[in-house]
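In what follows, a structure is listed as structure tokens, so that the remarks can point back to it.
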Amino acid sequence: MKKVQFIIISTILSFGLIVSAALISNAVDKTNKLDNRITVKGVAQKRIKADKALIRIIISGKNENLDNLRQDIDDKEKIVIQKLKSLKINENSYDIENLKIQPNYDKEAEKTSQSGEETQVSATNISNYDGQEIISIVTGDIDKVKEFYENLLELKLQSDNIEITKPEYVVTNIDKYKKDLLVDATKDAENRAIEMLKVNGNEINGLKSMTQGQFEVLKDNEDILNKDEEIQNQIYKRMRLVVTATYFIRY
């Protein structure tokens, strides 16, 4: 009788262990599945038109006499200002930097002999002066910048010492676009995760973490006429932002 009871008790304990093991295994399996996650990258890009443009007019000169140099550059400045007025460019749209003057030196060396020994004697003199003045035009009238530039090039016909730089186009409210791109990149990451999980019939179960990756301002290749220009000389810029997102998986 005792032997039968022992067998029954052993059987019950064994069954209990099997059930317990199954429950624990199932719980672990569920925990592993809940811990499973998927990491994807989201990308957003947008073509943005610049809202400001910069053109520099560089007036230069060289003269042995400092006063004559100042007068020469002053005369050229008046020619430039007259041109700006004819183009109806407002005084508030340009800035005249202070005249910068750089002296150039001549160095003459003479060798003299004293008691059979050679010594080096140097005499330093100013031979002439270089002068440079820059007038910077900043405008938000982007559509007229090319016309301004082409008209300003006529100044070079009046003087060899006047240079006009190509317009540089700038996006000033770049932070606003970064925020918009961040939203779009986040949506892109979520859509990618959803599509990838659909393959196995799973879903996303909440966001675990997200980090912003690379943000770039790239050349615009859509404008065929200006695609070979340097990025600073292009009216349109292409902005690109990447995020990395990790989502929990619902099985």
Side-chain angles (χ1 to χ4, degrees), residues 45-106 125-177 216-240:
Q45 53 184 344
K46 195 170 186 178
R47 189 172 183 249
I48 308 295
K49 186 177 182 179
D51 56 290
K52 292 288 182 184
L54 167 66
I55 300 175
R56 292 185 180 89
I57 302 172
I58 303 170
I59 303 171
S60 60
K62 182 188 288 288
N63 204 298
E64 295 179 1
N65 184 284
L66 186 56
D67 292 332
N68 290 342
L69 174 62
R70 292 179 188 275
Q71 185 61 53
D72 178 50
I73 290 182
D74 187 58
D75 291 341
K76 290 184 176 67
E77 179 191 310
K78 289 175 181 176
I79 293 172
V80 172
I81 299 302
Q82 188 61 40
K83 186 67 174 178
L84 296 180
K85 287 180 178 179
S86 71
L87 294 174
K88 296 181 180 180
I89 297 177
N90 192 283
E91 289 183 12
N92 296 326
S93 297
Y94 61 84
D95 177 69
I96 304 174
E97 296 183 12
N98 292 329
L99 173 62
K100 296 178 181 177
I101 295 175
Q102 174 66 48
N104 299 313
Y105 297 94
D106 264 347
N125 300 308
I126 296 176
S127 59
N128 52 47
Y129 300 88
D130 285 322
Q132 185 183 85
E133 183 179 274
I134 299 176
I135 300 175
S136 300
I137 305 168
V138 178
T139 178
D141 200 349
I142 300 299
D143 295 328
K144 287 188 176 180
V145 171
K146 186 176 180 181
E147 181 185 344
F148 287 156
Y149 174 66
E150 290 174 350
N151 278 280
L152 290 171
L153 287 176
E154 295 175 2
L155 291 169
K156 296 179 69 173
L157 301 176
Q158 296 176 256
S159 174
D160 293 334
N161 293 327
I162 297 180
E163 291 294 327
I164 317 295
T165 65
K166 281 186 176 182
E168 295 180 19
Y169 297 93
V170 181
V171 178
T172 59
N173 51 345
I174 197 166
D175 286 337
K176 172 187 176 298
Y177 293 111
E216 299 174 290
V217 180
L218 305 170
K219 288 190 66 174
D220 173 47
N221 294 319
E222 291 186 35
D223 185 354
I224 298 175
L225 294 176
N226 297 298
K227 68 182 182 66
D228 294 327
E229 294 282 0
E230 295 296 327
I231 187 170
Q232 67 268 21
N233 303 124
Q234 291 185 316
I235 296 178
Y236 287 90
K237 321 289 181 184
R238 186 165 58 89
M239 295 186 183
R240 184 176 183 273

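The structure presented is a predicted model; accordingly, all values stated were derived computationally and were not measured.
- Qualifying salt bridge (charged side-chain N to carboxylate O under 4.0 Å, His left out) partners for Lys227, counting only residues two or more places apart in sequence or in other chains: none.
- Annotation: side-chain contact (heavy atoms from CB on, under 4.5 Å) contacts of Glu230 (sequence neighbours excluded): Gln232, Asn233.
- For residues 59-68, the side-chain hydrogen bond (donor to acceptor under 3.5 Å, both in side chains) pairs, not counting sequence neighbours, are Lys62-Asp130.
- Qualifying side chain to side chain donor-acceptor pair (under 3.5 Å) partners for Lys237, counting only residues two or more places apart in sequence or in other chains: none.
- Every side chain to side chain donor-acceptor pair (under 3.5 Å) that Gln71 has, sequence neighbours left out, goes to Asp75.
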Expected list for residues 77-86: side-chain donor-acceptor pairs under 3.5 angstrom, two or more places apart:
{"residue": "Lys83", "atom": "NZ", "partner": "Glu154", "partner atom": "OE1", "Å": "2.7"}
{"residue": "Ser86", "atom": "OG", "partner": "Lys83", "partner atom": "O", "Å": "2.6"}

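- Partners of Asp160 under the salt bridge (charged side-chain N to carboxylate O under 4.0 Å, His left out) rule, at least two apart in sequence or in another chain, do not exist in this structure.
- Residues meeting the side chain to side chain donor-acceptor pair (under 3.5 Å) test with Asn128, sequence neighbours left out: Asn104.
- With sequence neighbours left out, Arg70 forms a side chain to side chain donor-acceptor pair (under 3.5 Å) with no residue at all.
- Looking only at side-chain heavy atoms (C-beta outward), Ile235 and Asn226 stay at 4.5 Å or farther from each other.
- Identified under the salt bridge (Lys or Arg N to Asp or Glu O under 4.0 Å) test for residues 92-102, with sequence neighbours left out: none.
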Name every donor-acceptor pair, under 3.5 Å, that has one atom in a side chain of residues 133-142 and the other anywhere in the protein, sequence neighbours excluded.
{"residue": "Thr139", "atom": "OG1", "partner": "Asp141", "partner atom": "N", "Å": "3.0"}

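- Counting heavy atoms from C-beta on, the side chains of Asp223 and Gln234 never come closer than 4.5 Å.
- Across every non-hydrogen atom of Gly61 and Asp72, the tightest pair is CA-OD2, 4.4 Å.
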Acceptor/donor pairs from residues 165-172 side chains to any protein atom, 3.5 angstrom cut, sequence neighbours excluded:
{"residue": "Thr165", "atom": "OG1", "partner": "Arg56", "partner atom": "N", "Å": "2.9"}
{"residue": "Thr165", "atom": "OG1", "partner": "Arg56", "partner atom": "O", "Å": "3.3"}
{"residue": "Lys166", "atom": "NZ", "partner": "Glu229", "partner atom": "OE1", "Å": "3.2"}
{"residue": "Glu168", "atom": "OE2", "partner": "Arg56", "partner atom": "NH1", "Å": "3.3"}
{"residue": "Thr172", "atom": "OG1", "partner": "Asp51", "partner atom": "OD1", "Å": "3.4"}
{"residue": "Thr172", "atom": "OG1", "partner": "Asp51", "partner atom": "OD2", "Å": "2.3"}

